[in-house]
Amino acid sequence: IASIFSFATCGGFKGKTEIQVTCPSSTDNKTVTATFGYPFRLNEASFQTPQGVNVCQIDWKRHVLIGDYSSSAQFYVTFAVFVFLYCIAALLLYVGYMNLYRDSRKLPMAIFGFLNMILWGGNAWFVYKETSLHSPSNTSTSHSQGVVSPPSVM
């Protein structure tokens, strides 16, 4: 159930970020939106203006979000799918072939013992890559996320 929840929520996630823009020539605020989703290639998510509205005479499609988190997200979803398939195979073996499973002591060790070890190794690798053990984070000096440069008209 946890693996289904994992790949369903991550694989089907969609989000958006909005900024309010006030042009020097007008007093009203306009909203510019960038939508993103799985696999979280934020550097491909450009800002969009509302249909038929020109905000400050700027081509907002040239301004994109910062970051590409697709490798982590794809690894997470792929790993969740493999865990789900492993659970289905284990369930079929335990329920469907219970007599074969009880008669042979090496079968559970060779198909599911080593496979379980591989899945735990993949899980440990994911935790290693997503924590500060892999590389110390220095985001405050390297770049400021989510900052869009002001339009050149101002």
Do Ile118 and Val83 land in one hydrophobic cluster if side-chain heavy atoms of ILVMFWY residues count as linked below 4.5 Å? no
Listing, residues 71-79 side-chain donor-acceptor contacts under 3.5 Å, not counting sequence neighbours, or none:
| from | atom 1 | to | atom 2 | distance (Å) |
| --- | --- | --- | --- | --- |
| Ser72 | OG | Glu130 | OE2 | 2.6 |
| Tyr76 | OH | Ser6 | OG | 3.3 |
| Thr78 | OG1 | Gln74 | O | 2.7 |

When rounded to the nearest 0.5 angstrom, what is the spacing between CG in Asp68 and CD in Glu44? 7.0 Å
With Phe13 via ring-ring contact (aromatic ring centres under 6.0 Å, His included) - residues at least two apart: Phe40
Sequence-distant partners of Thr33, side chain to side chain donor-acceptor pair (under 3.5 Å), two or more places apart: none
Do Cys56 and Val21 have side-chain heavy atoms sitting under 4.5 Å apart? yes
Contacts of type side chain to side chain donor-acceptor pair (under 3.5 Å), residue Asn43, not counting sequence neighbours: none
Distance only, no hydrogens: is a donor on one side chain within 3.5 Å (strictly under) of an acceptor on the other, for Thr22 and Gln20? no
Going by heavy atoms in the side chains, are Cys10 and Tyr38 under 4.5 Å from each other? yes
Any side-chain heavy-atom pair of Val64 and Phe36 under 4.5 Å: no
Of all residues at least two apart in sequence or in a different chain, which pass the side-chain contact (heavy atoms from CB on, under 4.5 Å) check with Ile88? Phe84, Leu92
Partner residues of Thr9 under the side-chain contact (heavy atoms from CB on, under 4.5 Å) criterion, sequence neighbours left out: Phe5
By the definition side-chain contact (heavy atoms from CB on, under 4.5 Å), identify the one residue from Thr35, Val32, Ile58 that meets it with Phe47. Val32
Roughly how far, to the nearest 0.5 Å, is CG of Leu42 from OG1 of Thr17? 10.0 Å
Output the distance between atom OG (Ser46) and atom NE2 (His63), rounded to the nearest 0.5 Å. 10.5 Å
